[in-house]
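All heavy atoms count here, side chains included; hydrogens, waters and symmetry mates do not. Starting from 1, each residue takes its place in the sequence as its number.
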Amino acid sequence: MRYEVGDVAELPPLDRRFDIALGVQCLNYAADIPEMERMCRNIHRSLLPGGEFFVLGQKPDYGFDCASLDKYGFRCEPTGEETETGPRVRVTALLDPQPITIVTTAPRREVYEVCLRAAGFSAVEWVPLQVSEAGIREYGEDFWADLLANPPLEMLRCRA
């Protein structure tokens with residue numbers, strides 16, 4: 001496994017190509033559609049043909065009027081602002097001793113899909129959030145009910 005740290009919009013060509021790329025809360029930081037397309041093109045260029053790109057981010061149509069996510073360790077709130085890619089969101093990780101808050105964007109589904117396809121990705125598929133069997137064994141099904149009723153995250157899988 002190899003990790004690269006940096007601005008995906010400015011990612012230089014790497015010395016080799018990879019089978020899999022993972023972007024966790026990554027594309028949602030694009031300032032606009034051209035920047036998101038550039039990010040997607042850079043990732044596509046870094047994958048072998050047939051390689052997969054997994055994107056984990058805020059669910060585009062997340063319902064902010066649902067039960068609190070505090071028991072899962074974070075909070076998501078709309079800021080009321082809208083950008084070219086989607087609504088702005090304040091996400092707080094409820095860490096001890098002090099929470100950490102970031103403001104990001106929750107891109108709309110069509111923005112993700114258009115940018116990924118423009119970069120050359122195919123087989124774009126939305127994968128719903130699931131809780132592992134280990135998580136259910138440890139905390140019980142009732143603990144996860146609010147999260148599964150209104151999942152805050154969703155994964156996108158696509159192929160180079």
Trainee: Verify, without hydrogens or angle tests, whether Trp126 (side chain) and Arg109 (backbone) share a donor-acceptor contact under 3.5 angstrom.
Mentor: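 Judged by distance alone, no pair lies under 3.5 Å.
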
Trainee: Do Asn28 side-chain atoms and Ala106 backbone N/O form a donor-acceptor pair below 3.5 Å?
Mentor: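 No, Asn28 side chain to Ala106 backbone: no donor-acceptor pair under 3.5 Å.
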
Trainee: Find the distance between NZ (Lys71) and CG (Leu94) and round it off to the nearest 0.5 Å.
Mentor: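 Between atom NZ of Lys71 and atom CG of Leu94 there are 13.5 Å.
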
Trainee: Look only at the side chain of Arg17 and the backbone of Arg45, and say whether a donor-acceptor pair between them is shorter than 3.5 Å.
Mentor: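 Yes, Arg17 side chain to Arg45 backbone: donor-acceptor pair under 3.5 Å.
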
Trainee: Where do Leu22 and Phe53 come nearest, in terms of heavy atoms and distance?
Mentor: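 Between these two residues, the closest heavy atoms are C-CE1, 4.2 Å.
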
Trainee: Ignoring hydrogens, what is the shortest heavy-atom contact between Asn150 and Tyr62? Give both atom names and the distance.
Mentor: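 Heavy atoms only, the tightest pair is O-CE1, 3.4 Å.
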
Trainee: In Å, rounded to the nearest 0.5 Å, how long is the span from CD1 of Ile20 to CD of Glu52?
Mentor: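 Ile20 CD1 to Glu52 CD: 6.5 Å, rounded to 0.5 Å.
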
Trainee: Of the options Pro87, Pro107, Cys76, which is the one that meets Gln58 in a side-chain contact (heavy atoms from CB on, under 4.5 Å)?
Mentor: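 Going through the options one by one, the only one that passes is Cys76.
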
Trainee: Tell me whether Val124 is reachable from Tyr112 by hopping between hydrophobic residues (I, L, V, M, F, W, Y) whose side-chain heavy atoms are closer than 4.5 Å.
Mentor: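 In one cluster: yes.
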
Trainee: Got more than 12 heavy atoms from elsewhere within 6.0 Å of CG, Asp7?
Mentor: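 Yes - once you tally the heavy atoms of other residues, nucleotides and ligands closer than 6.0 Å, there are more than 12.
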
Trainee: Could you measure the distance from the OG1 atom of Thr85 to the CD atom of Glu35? Nearest 0.5 Å is fine.
Mentor: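 Nearest 0.5 Å value for the OG1-CD distance: 9.5 Å.
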
Trainee: Please determine whether side chain to side chain contact (heavy atoms under 4.5 Å, CB included) holds for the pair Leu147 and Leu69, giving the CA-CA distance in whole Å, both sets of side-chain angles, and the decisive distance to 0.1 Å.
Mentor: CA-CA 7 Å; Leu147 184 87; Leu69 299 172; 4.3 Å; yes

Trainee: A side-chain contact here means heavy atoms from C-beta on lying under 4.5 Å apart; do Asp61 and Lys59 qualify?
Mentor: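 The answer is yes; the side chains approach within 4.5 Å.
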
Trainee: Show your working on side chain to side chain contact (heavy atoms under 4.5 Å, CB included) between Phe64 and Val89 and close with a plain yes or no.
Mentor: CA-CA 10 Å; Phe64 291 97; Val89 178; 3.8 Å; yes

Trainee: With a 4.5 Å heavy-atom cut-off, do Phe54 and Val127 have their side chains touching?
Mentor: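 Side-chain contact under 4.5 Å: no.
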
Trainee: How long is the gap from OG1 on Thr92 to CD on Glu77, to the nearest 0.5 Å?
Mentor: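 Those atoms lie 5.5 Å apart.
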
Trainee: Using 30° and 60° as the class limits, which term best fits the ring planes of Phe143 and Tyr72: parallel, tilted or perpendicular?
Mentor: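 Judged by the thresholds at 30° and 60°, the geometry between Phe143 and Tyr72 is perpendicular.
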
Trainee: Give me the atom names and distance for the closest heavy-atom approach of Ala119 to His44.
Mentor: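 Closest approach of Ala119 to His44, heavy atoms only: O-CG, 3.3 Å.
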
Trainee: Please give me the minimum heavy-atom distance between Ser46 and Leu14, naming the atom from each residue.
Mentor: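 Shortest heavy-atom separation between Ser46 and Leu14 comes out as OG-CD1, 3.8 Å.
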
Trainee: Return yes when atom CD of Glu125 has more than 12 non-hydrogen atoms of other residues, nucleotides or ligands closer than 6.0 Å, and no otherwise.
Mentor: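 Check passes, neighbour count above 12.
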
Trainee: I would like to know whether Phe121 and Leu47 meet side chain to side chain contact (heavy atoms under 4.5 Å, CB included); could you show each step before the answer?
Mentor: CA-CA 10 Å; Phe121 285 102; Leu47 288 169; 3.7 Å; yes

Trainee: Is Arg108 reaching over with its side chain to a backbone N or O of Glu84, donor-acceptor style, under 3.5 angstrom?
Mentor: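 Yes, Arg108 side chain to Glu84 backbone: donor-acceptor pair under 3.5 Å.
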
Trainee: Please round to the nearest 0.5 Å and tell me the distance separating atom CG of Leu153 and atom CG of Leu129.
Mentor: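 These two atoms lie 6.0 Å from each other.
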
Trainee: Could you tell me whether Glu141 atom CD has more than 12 heavy atoms of other residues or ligands within 6.0 Å of it?
Mentor: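 Open.
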
Trainee: How far does CZ of Arg75 sit from CG of Asp70, to the nearest 0.5 angstrom?
Mentor: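 Atom-to-atom, Arg75:CZ and Asp70:CG are 4.0 Å apart.
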
Trainee: With side chain to side chain contact (heavy atoms under 4.5 Å, CB included) as the test, would you mind laying out the steps for Leu27 and Cys115 before giving the verdict?
Mentor: CA-CA 10 Å; Leu27 299 179; Cys115 291; over 6 Å; no

Trainee: Find out if a path of hydrophobic residues (ILVMFWY) with successive side-chain heavy-atom gaps under 4.5 Å connects Met36 to Tyr29.
Mentor: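 No, it is not one cluster - the side chains of Met36 and Tyr29 are not joined through contacts under 4.5 Å.
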
Trainee: Say whether, by atom type as modelled, one donor and one acceptor occur between the side chain of Arg159 and the main chain of Ser122 under 3.5 angstrom.
Mentor: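 No.
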
Trainee: Which atom pair, heavy atoms only, marks the closest approach of Trp144 to Gly135?
Mentor: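 Closest pair (atom of Trp144, atom of Gly135, distance): NE1-O, 3.1 Å.
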
Trainee: Of all the heavy-atom pairs spanning Pro60 and Glu154, show the shortest one and how long it is.
Mentor: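 Looking at all heavy atoms of both residues, the shortest contact is CD-OE1, 3.8 Å.
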
Trainee: Counting neighbours of CD on Glu133 that are heavy atoms of other residues, nucleotides or ligands and sit closer than 6.0 Å, is the number greater than 12?
Mentor: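 No, because the 6.0 Å sphere around CD of Glu133 holds 12 heavy atoms or fewer from other groups.
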
Trainee: Does Leu148 share a hydrophobic cluster with Phe74, counting links as ILVMFWY side-chain heavy atoms below 4.5 Å and allowing steps through other members?
Mentor: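 Result: yes, single cluster for both.
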
